[in-house]
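Structure, as structure tokens:
Chain letters run A, B, ... following the sequence lines, proteins first, then strands; residues in each count from 1.
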Amino acid sequence: MWRHLEEVVHTTMGCYGAEEIRTPILEPTELIARGIGALTDIVTKEMFAFERGSSHYVMRPEVTAPVMRAYLQHNLAQRGGTQRLYYIGPCFRAERPQKGRYRQFHQFGLEVIGSEDARADAEVILSLRDILDRLGLRQYTLRLNSLGDEQSRPAYKAALVDYLTPLADQLSDISRKRLETNPLRILDTKNVEERTLLEKAPLLSDFIDEASRVHHEQVKALLSDVGIDFVEDPFLVRGLDYYSRTAFEFESPLLGAQSSIAGGGRYDLLSKEVGSKQVVPAVGFAAGMERILLACAAENVAQPAHPGVDVFIVALGDPAMTWAFWGAERLRQAGLRVTFDLKGRSMKAQMREANRQQARFVAIVGDDELAAGVVQLKEMETGEQRAVRLEDIPTSIII
RNA sequence: GUGGUCGUAGCUCAGUUGGUUAGAGCGCCAGGUUGUGGCCCUGGAGGUCGGGGGUUCAAAUCCCCUCGAUCACCCCA
């Protein structure tokens, strides 16, 4: 199933003209810290970090910042046009594991760098949708929002705090603390009473600038054009500050508390955080492979069957067992998948092993066959069996 | 970092108020078929009961510590 998912990712990304990029697992702490907004708590508590001499490193917790760094460092802009870069690989977060959340996990993602066109946003979402569809997932929802420009969110944040502060005594302890540390996250609360309080809260959509509003309308129109269902969620807010305008999230209802299987958005502000002199507009998604696989399992999505071997060689007696070694090699040279017993067991045991390996054919070899220069080729499903010379096996089983 | 639940055979799990050699199903191995798989029948192997300490005549069972898993919180890139 892992292979299948990876293949779907590669082929789908290929359809979008994206090139794979591989960045180091180990990155300077500063790159990641700057990328995520230097929240010291996240660096110390949520990441595997260590120092070596005077240098500080972390195991990458995500790949967007590394891709942006690679883009800038190798000046990929000079290749012209917009860069569509995708990645697939492991990431690390030093958290307590829970359902769909592991210390080492795997992500794939697409970063479209160098365009502020709404079609880039829509294409990123569309490509992700394609991957989920090709896998056979059906039970997921897409939530969409616009965060506006770099002025919008601070203004909204202030308005939200203004609204909630008088109501602070009705908030949970956690939310009251977040009122100071990260007020936007209160929007994510699952507390029912708090949700009703939020119904009358100011909306981010009332604070976004005109250009962002137009951009957002374009994205929505493009998504509708290709038949993508989405829910507008004015409460969908990314935790980090470099996001602007488009924000989206795919989630599955079948995964418990970690329902998000993929998410992303536009991050025009990141480039300057990681050292670019000018703004490089970019938009992308990141998807959690473990969670997608969990969702597939929960939906009972058909797995590609593990193919059995083509030929299992059953060898009887020492001469035949020796023969099996190079006989198998001959057949493998012809491109067949071939195995045989490595423990010198009885014929019954070898046949059982062949059955377990879902062998299409069994080639039985004993002293008589060796003398005659043939094998007894038996088709397991039908039980039909006949003598065939080794060199004729490949053509015999194509039928 | 905080809280709940749980660690018994390869896997899924039983194990009665502490009481003989710790069980089942599946899987594995072998035989029934001296050269023919699946189904069936018979037999077999396999366990420091997560680890350490304590209580007791006696601990899988009770107590303490520890490690791990899991779910949730925090956090969420």
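- Residue-level contact check: A:A349 touches the backbone only, with heavy atoms under 4.0 Å from sugar-phosphate atoms and none from bases.
- Between A:E381 atom CD and B:G37 atom P the separation is 17 Å, expressed in whole Å.
- For a distance-only test at 3.5 Å, the side chain of A:K348 fails to qualify as a donor-acceptor partner of the base of B:U36.
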Can you check nucleotides 1-4 of chain B for protein contacts, nitrogen or oxygen pairs under 3.5 Å, and list what you find?
from : atom 1 : to    : atom 2 : distance (Å)
B:U2 : O4     : A:R96 : NH1    : 2.6

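- A:A257 comes within 4.0 angstrom of the backbone, heavy atoms only, and of no base.
- With rounding to whole Å, A:M347 atom CE is found 12 Å from B:G38 atom P.
- Nearest heavy atom pair, residue A:S175 against residue A:L171, reads CB-CB, 4.1 Å.
- Remark: the A:Q385 side chain and the B:U36 base include a donor-acceptor N/O pair separated by less than 3.5 Å.
- Between A:M351 atom CE and B:G38 atom P there is a gap of 9 Å when expressed in whole angstrom units.
- For B:G37, the base has no donor-acceptor partner in the side chain of A:Q358 [N/O atoms by modelled type, under 3.5 angstrom].
- Using atom P as the reference point in both B:A14 and B:G53, the two lie 28 Å apart (nearest Å).
- Between A:E95 and A:R101 there is a salt bridge, since at least one side-chain N of the basic residue sits less than 4.0 Å from a carboxylate O of the acidic one.
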Nucleotide-level pairing of RNA chain B, given in dot-bracket where Watson-Crick and G-U pairs need both distances under 3.5 Å and | marks other strands: (((((((..((((.....[...)))).(((((.......))))).....(((((..]....))))))))))))....
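- Counting to the nearest Å, the P atom of B:C74 and the CD1 atom of A:I174 are 5 Å from each other.
- As judged by a 4.0 angstrom heavy-atom cut-off over every strand, A:R103 is placed among residues touching the sugar-phosphate backbone only.
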From CA spacing to verdict: side-chain hydrogen bond (donor to acceptor under 3.5 Å, both in side chains), A:Y140, A:D133: CA-CA 10 Å; A:Y140 58 81; A:D133 278 5; 2.6 Å; yes
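- Both A:G366 and A:V237 lie close to RNA chain B; mapped to their nearest nucleotides by heavy-atom distance, the more 5′-ward contact belongs to A:G366.
- The side chain of A:Q98 contributes an N or O atom lying less than 4.0 Å from OP1 or OP2 of B:A72.
- Among B:A30, B:G35, B:U70, the nucleotide with an atom closest to any side-chain atom of A:I364 is B:G35.
- Note: A:F50 and A:Y57 have tilted aromatic rings, judged against thresholds of 30 and 60 degrees for the angle between ring planes.
- B:C49 and B:U8 are spaced 4 Å apart, taking the C1' atom of each and rounding to whole Å.
- Residue contacts for A:R60: at a heavy-atom cut-off of 4.0 Å it reaches no nucleic acid atom on any strand shown.
- Distance, A:F105 CZ to B:C76 P: 14 Å, rounded to whole Å.
- For B:U70 and B:G50, the C1' atoms lie 15 Å apart once the distance is rounded to whole Å.
- A:R101 comes within contact range of at least one nucleobase, with a heavy-atom separation under 4.0 Å.
- Each of A:F92 and A:Q376 was matched to the nucleotide of RNA chain B holding its nearest heavy atom; the match closer to the 5' end belongs to A:Q376.
- At least one donor-acceptor pair closer than 3.5 Å links the side chain of A:H74 to the backbone N or O of A:A70.
- Remark: the separation of the C1' atoms in B:A45 and B:C26 is 16 Å, to the nearest Å.
- Using a 4.0 Å heavy-atom cutoff across all strands shown, A:R185 reaches at least one base atom of the nucleic acid.
- Contact of the A:E20 side chain with the A:H10 side chain is registered, since non-hydrogen atoms from C-beta on lie closer than 4.5 Å.
- Remark: the A:E111 side chain and the A:Y267 side chain contain an N/O donor-acceptor pair separated by less than 3.5 Å.
- Counting any heavy atom pair closer than 4.0 Å across all strands shown, A:G263 reaches no nucleic acid atom.
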Residue pair A:H216, A:E232: steps toward the side-chain hydrogen bond (donor to acceptor under 3.5 Å, both in side chains) verdict: CA-CA 11 Å; A:H216 189 49; A:E232 275 210 80; 3.1 Å; yes
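- Counting non-hydrogen atoms under 4.0 angstrom, A:E353 reaches nothing in the nucleic acid.
- Atoms CZ and OG, from A:R245 and A:S152 in turn, are 9.0 Å apart once rounded to the nearest 0.5 Å.
- If you measure from atom CE of A:M47 to atom P of B:A77, you get 14 Å, rounded to the nearest angstrom.
- Between the side chain of A:Q376 and the backbone N or O of A:Q385 there is no donor-acceptor pair closer than 3.5 Å.
- If you take NZ of A:K99 and C1' of B:C75, they are 20 Å apart, rounded to a whole angstrom.
- Using a 4.0 Å cut-off, no side-chain N or O of A:N182 falls inside it from OP1 or OP2 of B:C74.
- Using a 4.0 Å heavy-atom distance criterion, A:D368 is classed as a base contact.
- Distance, A:R352 CZ to B:C28 P: 8 Å, rounded to whole Å.
- Residue side chain A:N355 does not reach the base of B:G38 through any donor-acceptor N/O pair under 3.5 Å, judged by distance alone.
- Identified under the side chain to side chain donor-acceptor pair (under 3.5 Å) test for residues 248-263 of chain A, with sequence neighbours left out: A:Q98-A:Q258, A:R143-A:E249, A:R143-A:E251, A:R238-A:E249, A:E251-A:S259, A:Q258-A:R291.
- Taking 4.5 Å as the limit, every side-chain heavy atom of A:V362 sits out of range of all side-chain heavy atoms of A:F340.
- To the nearest whole angstrom, the two C1' atoms, one in B:G31 and one in B:U21, are 26 Å apart.
- Between the P atoms of B:C29 and B:U20, the separation comes to 34 Å (whole Å).
- Contact annotation for A:E369: base contact, defined as any heavy-atom pair under 4.0 Å involving a base atom.
- Side-chain proximity of A:S346 to B:G35, B:U36, B:G31: nearest is B:G31.
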